[in-house]
Structures are given as structure tokens and as C-alpha cells.
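All chains are named by letter (A, B, ...) in the order of the sequence lines, taking the proteins before the strands, and each is independently numbered beginning at 1. Values below: every heavy atom of this structure, side chains too, minus hydrogens, waters and symmetry copies. The structure displayed is predicted, hence computed values, not measured ones.
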Amino acid sequence: MSAKTDVKNYTGFRTLTFVCLFILYAPLVVVTIYSFNASPSITVWEGFSLRWYGDVFTGPESGKFKAAAINSFSIALIAATLATIIATSAATAIVRGGIFKTRTLSLGLISLPLMVPEIVLAVATLIFFNAVGFTRGYMTILVAHIAFCIPFAYLPIQARMQGIEDTYEQAAMDLYATKAQAFRRVLLPLMMPGIISGFLLAFIVSLDDFIITNFVKGAGVETLPTAIFGSVKQGLKPNIMAISTMLLALSIVMVTLSYVVSKTDNTK
Amino acid sequence: MAGGAATGGSAAADTYKSARHWLLLPSWLVLVLVVLAPVCMMLIYSFLTKEFRGGVIWEPTLAAYDQFFFDRGLFGDDPPKIEWTYITIFWRSIWQAGLATILSLIIGFPTAYFIATRPERTRALWVFLVTIPYWVNLLIRTVSMKFLLRDQGPMNDFLISTGLIDDPLRIVNTNLAVQLGLFYSYLPFMVLPIYASVERYNFAMSEAAADLYATKWTTLRRIVLPAVKPGVIAGCILVFVPSLGAFLAPDLLGGAKNFMIGSLIEEQFKGNAGNWPFGAAAAMVLLTMVLILLMIFARQQRRAEASP
Amino acid sequence: MTENTQIAVDVRDAIKRYGDFTALHRISLGIRDNEFFTLLGPSGCGKTTLLRMIAGFEDVTEGAIFLYGEEIEDLPPHQRPVNTVFQNYALFPHMSVLENVSFGLEMRGASKADARTRAGEMLELVQLTQFASRKPSQLSGGQQQRVALARALAPSPKVLLLDEPLSALDLKLRKAMQIELKHIQRETGITFIFVTHDQEEALTMSDRIAVMSAGEMQQLGDPRDIYETPRNMFVADFIGDTNLLDVSVEGIAAGRATCKLSGGHRLTCDAVDGVNAGAKVHLSVRPERLFLSDQPTAAESLQGTVVENIFIGTDISTIVDVPGGQHFTVRTSNSDRGNKRILDPGTTAYVNMEPGAARLLVD
């Protein structure tokens with residue numbers, strides 16, 4: 001289509017899109033490159049090296065990072081699993097439970113963690129644990145993570161379930177399946193891409209959280225983001241860039257996975 | 001269309017109607033206990049007396065809000081004057097978040113429009129490209145931004161080596177750095193809702209406008225923009241709200257002079273001079289502002305849906 | 001019909017309400033064992049609602065449904081020995097064709113091996129044996145339709161419910177499936193309850209038809225009854241083409257009613273219960289039961305002017321204006337014999353009626 005007859009496209013919009021993508025990716029790319037820097041200074045480039053990756057695993061701070069990584073991954077795994085189960089159950093009620101009074105209210109409640117600013121949520125959770133007398137530590141982080149992961153797990157699951165016609169379950173029940181069998185044999189397999197996608201997003205969100213974790217963690221219990229923050233506060237060091245690059249790669253892999261899974265259409 | 005659908009029989013699927021309350025129970029339990037109850041508790045704490053090393057004494061008082069709005073001198077017995085310190089911090093937060101929102105709109109709108117006008121099969125990929133950075137740890141993104149913008153960072157090195165500038169641009173620890181950081185943190189939130197609106201826009205309307213002698217830019221202003229306004233408003237809210245309460249960007253990129261609400265609140269709980277009731281009160285003020293914004297937004301969206 | 005014909009599905013005073021809206025107004029209906037029964041009506045008439053009530057997907061607000069003498073309206077769908085062929089088939093996309101067809105048998109407790117064997121037989125019946133391991137999405141629309149049929153028939157239901165199963169197929173395939181369905185019904189001897197909005201399909205396939213509109217049953221009868229002696233305006237208009245005339249009944253004598261048209265013409269037709277002298281009612285005359293002539297004939301005839309001849313393949317449709325603002329559509333078979341009676345537009349013509357062609361309608 002020539003520019004003359006094209007009323008849709010605007011000159012400059014393409015350029016701005018590339019500017020946008022450049023801004024989004026430039027910092028990440030730069031940090032990734034510098035994480036392979038041989039120099040102990042972050043300012044000077046001295047050639048390619050994997051030295052700082054080694055430092056993350058064996059250097060003076062490796063013990064701290066290892067403990068933080070174990071905390072981060074175990075919390076993300078447990079929180080994402082529980083949040084996904086809770087979200088699947090809630091989505092079934094909201095998408096397949098007809099119209100009922102507490103439906104809108106439930107939807108509002110589920111999206112609450114998305115609407116309340118994170119810092120407010122962090123303050124509220126801290127105050128709550130304090131008021132009920134919980135000692136801050138691993139468990140308090142886990143409980144907070146389960147709660148704010150729910151909406152992230154919920155959204156793809158709900159979207160998926162809305163795309164599945166209820167005639168499938170009806171057909172199953174017409175063919176003598178009970179409601180539970182119709183759920184397990186028909187609805188659940190069809191929903192699987194949404195559930196996996198929801199789980200992966202919840203996992204990333206939990207792994208990435210800094211603000212809430214920073215508030216509810218006890219002294220001595222660190223996750224990767226709080227450990228990184230603590231280090232950054234004392235100045236940018238190359239090992240931080242290496243660990244950041246690893247986390248960055250992990251996030252991208254998981255989001256890509258989630259994207260690919262959610263695009264697979266097992267109803268076709 | 002089958003008779004059942006036309007009569008509303010299957011308007012809402014209700015296969016699991018009988019179990020719905022049990023199915024909702026776990027989510028209610030967790031969210032009420034860990035989100036809703038804590039927010040109410042926070043409200044209560046904001047009316048309690050502070051304990052000096054963090055925590056509260058259960059004696060009701062308005063001291064936290066009084067401290068927020070009024071200055072009663074060093075010993076608390078001067079006639080009350082308006083306390084500007086905290087109002088200034090809030091005002092600066094609104095200003096910073098607002099500028100970040102405008103910046104996001106300037107870059108985000110053309111991006112969203114461009115993506116929405118791509119052929120259908122490549123569109124999802126473009127959207128994916130824009131969303132990936134959002135899923136990368138916010139802390140890592142902010143640290144990366146700081147690394148890039150530093151006085152001796154790669155950006156300044158590059159600009160000096162090309163001879164464009166002689167002395168490094170001092171960006172870190174300025175308001176501009178905070179705005180850039182916020183913009184960078186929440187840009188995908190601007191692009192996605194606008195993209196969704198433009199994708200639904202019927203481009204035959206642009207052709208109709210061109211047919212009726214409108215220039216391209218007039219068409220954009222008079223036809224496209226009004227049609228995608230709900231998406232633009234949604235995008236602005238989604239960038240503005242989290243920017244308002246942001247902690248990492250102002251803390252890492254702004255330095256001590258560019259304090260925002262997030263840091264003010266954090267200091268009350270994490271710092272040594274902790275004042276929990278005051279922190280709770282500041283959080284309440286922030287929450288109230290956000291909820292008012294969201295309510296206005298919800299009303300706007302309902303109105304937009306009501307009119308065809 | 002013999003004395004001992006069994007009733008398969010007995011719907012008694014069934015009412016369906018959604019809040020303030022009444023979807024079905026007190027329907028009573030007896031569907032016989034072994035018959036091909038059709039629920040016919042425009043969309044929103046309640047036919048699908050009634051079918052779904054029999055299947056168990058809709059509550060019955062008031063009234064009862066019996067299946068071979070057993071009251072079933074409170075049973076959940078999986079406890080009713082009826083199966084459904086859904087409008088869009090609802091084949092389970094994550095299962096193979098064979099798994100789809102054996103699903104119902106497995107749910108009824110058959111062993112996996114038995115279920116597969118029986119499912120294989122069903123696939124043979126619908127000639128899809130070679131597609132057993134395919135996924136539904138790899139089949140054409142017509143093949144999917146047959147899988148849906150095999151799946152619903154596999155557990156040997158007492159009654160098979162079909163919800164507009166042919167509506168997604170193109171015309172040719174639809175015609176072929178109509179005949180195949182009818183054959184399968186005869187072969188299996190299962191009672192079929194078929195829902196459609198297509199009157200031609202209903203006339204072609206059914207033993208009996210229930211015409212429905214606005215949640216009420218308008219007429220119940222065999223296809224010929226419904227077509228030739230429609231009970232009311234809705235049925236006459238919905239089934240086939242017809243000429244509807246506004247008339248006032250002048251008098252009734254010896255089982256014949258004399259009717260006056262708005263233009264002053266008079267016609268006689270069989271009297272009908274519920275229509276008395278002085279009533280303003282409608283008269284229905286099928287276009288193929290009228291014939292044209294250039295001279296008055298011995299039959300009842302009305303003088304008018306030819307407006308237009310429309311060629312429609314098998315027939316020629318002629319529109320004739322008669323005084324008083326009434327149009328008639330006359331259908332003449334497109335044969336040598338028929339063509340001789342075609343008159344040019346503008347010429348005077350007489351519209352003649354076969355005896356018994358006009359039917360009085362109770363509104």
C-alpha cells in the first residue's frame with residue numbers, strides 16, 4: 001500500500017516504537033554485557049570473562065546468595081502452587097457458578113492486591129503480622145506471597161475458562177459423568193494451558209517481589225531481591241550484575257514459556 | 001441461535017453452581033485474612049500511639065494525622081501551623097508520577113498504535129516484546145537503569161566518545177532520573193490498554209474521515225483519539241497509580257533530595273526512627289488517593305461502555 | 001396408531017420461568033416410543049429449553065417429565081438414560097474420536113476394553129472406523145457430526161435428543177445427513193427428539209411435529225396435518241408459503257362458511273370450530289393450490305391483474321392483484337402443461353381455487 005492511499009499508518013510511529021523498545025531493552029542488554037566484564041571495576045571494560053559468575057557461586061558473598069536463592073525458589077514454588085490451586089477453584093466458581101450475589105465482590109477481592117499500591121500492602125501485612133504476634137521470618141514471607149500471587153494466577157485461568165464453552169461439561173454429564181468426573185476428565189485438561197500459564201506468572205511474581213518481602217521478612221532471612229538490594233545499597237559490584245543477568249534470563253525463559261503455553265490451543 | 005441462549009438459559013454457565021461457595025472459600029479465606037483485614041488493621045494503627053522502637057501502644061490518638069498536616073513546634077505546644085514537609089513530599093510524588101505518565105503516553109501511544117496496525121499474525125509477538133521487560137525483576141531493571149545512567153556509565157561513555165558532550169550528563173540523583181525510572185518501570189501498562197482499544201477501532205472510520213476531506217492528523221485527533229479514549233485513560237491510571245507509591249525508582253535513582261511517598265512510608269517501618277502510626281497514616285492517605293482515582297476511573301469506563 | 005403404543009417422554013404441564021420471564025407456558029406433550037419427533041419453531045420459541053429440560057440441563061419450574069413412566073425432572077443429567085447430540089457437537093477436543101465415543105460407556109462403568117469394542121461398532125455404524133485415532137479438529141464438519149451421533153448412541157440411550165445438529169452443515173451435506181439420520185433412527189429403533197427451526201427439514205424427517213412459538217405449543221400433528229390443515233395464523237405462516245387473506249365470516253351453513261374479502265369478493269370454505277358468523281379472521285390458501293385462467297371457471301374464482309411472473313426453477317410464481325388491495329401468489333409448476341397457463345403482466349387473470357384449498361384459521 002502506498003503512503004498516499006494509506007490512511008492507517010502515521011510516519012514517525014514506527015520510529016517511536018523502536019525508541020520504545022530500545023529504552024525497554026537497553027539497560028538490560030548493557031547489564032548483561034557488563035556482567036561478562038573481566039574487570040573488578042564496573043566502569044572499565046577489560047574483556048570477556050565468566051569470573052563474576054564464578055564469584056556468585058564461590059566468592060565471599062556466595063553463602064548469602066545461596067541461602068537467599070533457596071528461600072526465593074522454595075517460597076516461589078510453594079506460593080505459586082497454592083495460589084494456582086486457590087485461583088483455579090475460585091475461577092471455577094466465578095466462571096461456572098452462574099450469577100450470584102457475591103460474584104462481583106469475590107472478583108473485587110481477588111483483584112484487590114492489584115489495586116492497592118504495593119507499599120500499602122506491605123505496610124498492612126507487616127502491621128497485621130505484628131498485631132497477631134507472628135514472628136517475622138520465612139513463614140510470614142510465604143503467607144504474604146500466597147496472597148498477592150492469587151490474582152496473577154487467576155487472570156490467565158479465568159481467561160482460559162471463559163474461552164471453553166460449557167457444552168463440553170454438559171456433554172460429559174449427558175454421557176453419565178458426575179460433576180466431579182466432568183471437571184477432572186474434561187474441564188481440567190482443557191484448562192491446563194491457562195493453569196500452567198497462571199502458575200508460571202505467579203512464580204515469577206513471587207520470585208521478583210521486593211517491597212512486600214522487605215517489610216515482612218525477619219532479620220537474617222533474605223530472598224534474592226532483598227539480598228541484591230542490600231548489596232546494591234553498598235555500591236554496584238560486578239557480581240550483582242552476574243546474578244541479575246541470571247535472574248533476568250530466568251524471568252524471560254519463564255515468561256516465554258508461559259506465553260507459548262497460553263497460545264497452545266488444545267481445543268483445536 | 002438456539003432457543004435456550006435467546007431466552008437467557010445459558011447466559012451464565014452454572015455447571016458448578018452448587019459448589020460455588022466451597023470453591024470460593026479458600027480465596028476468601030486467604031485474601032480476607034492476609035489483605036483485607038491487614039488494611040483495616042492499618043487504619044486502626046494509624047490512630048494509635050507510637051512506641052519508640054517500632055510498634056504501637058494501644059491508646060487512641062490523632063497524633064499521626066496531626067503530625068502529617070500540622071506543625072506544633074519542637075515541643076508540641078506552639079499554635080498549629082500547616083506542616084509543609086509531608087504535603088511537599090506528596091505533591092512531589094504526584095508531580096513525578098504525572099510527568100512519568102505523560103512521558104509514557106508520548107512514547108506508549110504511538111507504540112500501541114503501531115503494534116495494533118501490524119498484520120494479525122505478528123501482533124501478538126510485538127505485544128510480547130513490549131511485555132517481557134515488565135516480567136523482569138523490577139529491582140534488577142532499576143539497578144540496570146542506574147548502571148546505564150551513572151556519571152561514568154555506558155551512556156555517558158558513549159556520548160563523550162562520540163564527541164556529542166564533553167562532560168558527563170549528571171542524571172542519577174535528579175528528578176529526571178526518577179521520572180525515567182518510573183517511566184521505564186510501568187511503560188508496558190500504558191501500551192497494553194491503548195493497544196487493546198486501537199485493535200478494536202474500526203479503521204473504516206479513518207477511511208471515511210479521509211473520504212470527507214480530513215487530513216491524517218485531523219483524523220487522528222478528531223476520530224481515532226475519541227474512539228480509543230477509554231484505553232488512553234486506563235493506561236494513564238495504570239502508570240500513575242503504581243508510580244505514586246513507587247519505592248525502588250526514587251530510592252535507587254533519586255537519592256535523598258528526591259524523596260517520594262514510598263520512601264517516606266518505608267522509613268517509618270524499616271528505619272531506626274520508626275513511627276508506625278505515622279507510617280500507617282501516610283499509607284492511608286496514599287491508599288485514599290489511589291482509591292478515589294480508581295473510582296473515578298471505574299465511573300469513566302462504565303460511561304464509556306454505556307455509550308456506544 | 002395402535003392402542004398399546006408406549007409413551008417414551010411424557011411432559012406434563014411443564015412451565016419454565018427465568019425470573020419474571022416465562023420461557024415455556026404450561027407445555028404438555030406425549031412423545032411416543034420409537035418415533036422421530038420434531039420440535040419446530042423460530043429462535044427463542046422455547047424448543048431448545050424444552051429439550052434441555054428433558055436432558056437435565058434446565059430445571060423444570062413447575063410440572064413433571066416422565067421417561068417411560070419414571071419421573072425424571074429431579075434427576076441430574078448423568079442419571080438420565082437419554083443422550084444429546086449438541087448443536088456444535090461439543091466433541092471433547094483433547095480426546096481422540098474413539099475416546100470420545102467410549103466416554104459415555106466408561107462413565108457407566110464399562111471396562112475400558114468393552115467400551116472401546118462397543119465404540120468401534122458405533123464408528124462402523126457411522127462409517128468412521130478409519131478415523132478412530134484422530135482428534136476431532138482433524139475431521140470435517142460432517143464427520144464431526146457423525147462422531148457426535150456415534151458418541152450419543154453408544155451407551156444405547158432410551159431417547160436421543162438432537163439440538164439443531166445439522167445447522168452447521170452446508171445444504172448438500174445437510175440433505176444427505178437428513179436421510180442418514182432417518183435411517184439410523186429406523187435401524188436402532190431409538191426414539192429421536194429433534195429440534196430445528198427449519199420447517200422443510202422438519203417436514204422431511206419427522207413422524208410427528210410440535211410447532212412452537214413464544215413458549216407455547218401451536219400445533220401437534222404429522223407433517224401432512226401441519227402443512228395442510230394449519231390450526232392458526234402462526235402455523236400457516238411459519239410452515240411453507242401461503243396467501244393470508246383478511247376476511248369476515250358472513251354465515252355458516254351445512255359445514256361450509258361464506259367469507260367476504262375486503263374487496264367484496266366472496267369465497268366458501270370448510271367451517272372450523274371456534275369461528276362463528278360475523279367473526280373477522282384469516283383465510284390461508286397455499287399458492288400451489290391456486291391456478292390461473294384468462295376466463296372465469298366453474299371453480300371459485302377471483303378476477304385480478306397479473307403484476308409479475310417470478311421464475312424460481314421448479315415453479316413459476318405469479319403475483320396477481322385483486323380489487324380491495326389484496327395480492328395473491330399463485331405457484332405454477334414449471335412444466336409444459338403449466339407453462340401454457342402463464343399470463344403476461346398487465347393482463348386480466350382469474351385466480352381459481354381447488355376445492356377445499358382455502359382454510360379458515362383460528363387466530
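- Contact of C:Leu91 with chain A is made through the backbone alone, with heavy-atom distances under 4.5 Å.
- Between C:Pro155 and A:Leu175, the closest heavy-atom pair is CG-CD2, 4.2 Å.
- Within a 6.0 Å radius of CE in A:Met139, other residues, nucleotides and ligands contribute 12 heavy atoms or fewer.
- A:Val186 has its side chain within reach of C:Phe103: a pair of non-hydrogen atoms, C-beta onward, lies under 4.5 Å apart.
- With respect to the salt-bridge test (charged N to carboxylate O, under 4.0 angstrom), the residues A:Arg185 and C:Glu99 do not qualify.
- Residues that satisfy the side-chain contact (heavy atoms from CB on, under 4.5 Å) test with A:Ala202, not counting sequence neighbours, are A:Ala80, A:Cys149, A:Ala153.
- Contact of A:Ala182 with chain C is not made at all, since no heavy-atom distance falls under 4.5 Å.
- At a 4.5 Å heavy-atom cutoff, C:Gln138 makes no contact with chain A through either its backbone or its side chain.
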Original post:
Can you check side-chain contact (heavy atoms from CB on, under 4.5 Å) on A:Asp174 and C:Phe57, steps first, answer last?
Top reply: CA-CA 9 Å; A:Asp174 187 60; C:Phe57 301 124; 3.9 Å; yes
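- Rounding to the nearest 0.5 angstrom, the gap separating the CG atom in A:Leu188 from the NE2 atom in C:His94 is 9.0 Å.
- Put simply, the side chain of A:Tyr168 reaches to within 4.5 Å of the side chain of C:Pro93, judged on heavy atoms.
- Annotation: residues 67-85 of chain C contacts chain A through C:Pro77, C:His78, C:Arg80, C:Pro81, C:Val82, C:Asn83, C:Thr84 [non-hydrogen atoms, separation under 4.5 Å].
- Surrounding OH of A:Tyr25 are more than 12 heavy atoms belonging to other residues, nucleotides or ligands, all under 6.0 Å away.
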Original post:
What's the verdict on side-chain contact (heavy atoms from CB on, under 4.5 Å) for C:Leu105 and A:Tyr176, showing C-alpha distance, side-chain angles and the deciding distance?
Top reply: CA-CA 8 Å; C:Leu105 296 155; A:Tyr176 315 106; over 6 Å; no
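- Of all heavy-atom pairs between A:Thr167 and C:Ala90, the closest is O-CB, 3.7 Å.
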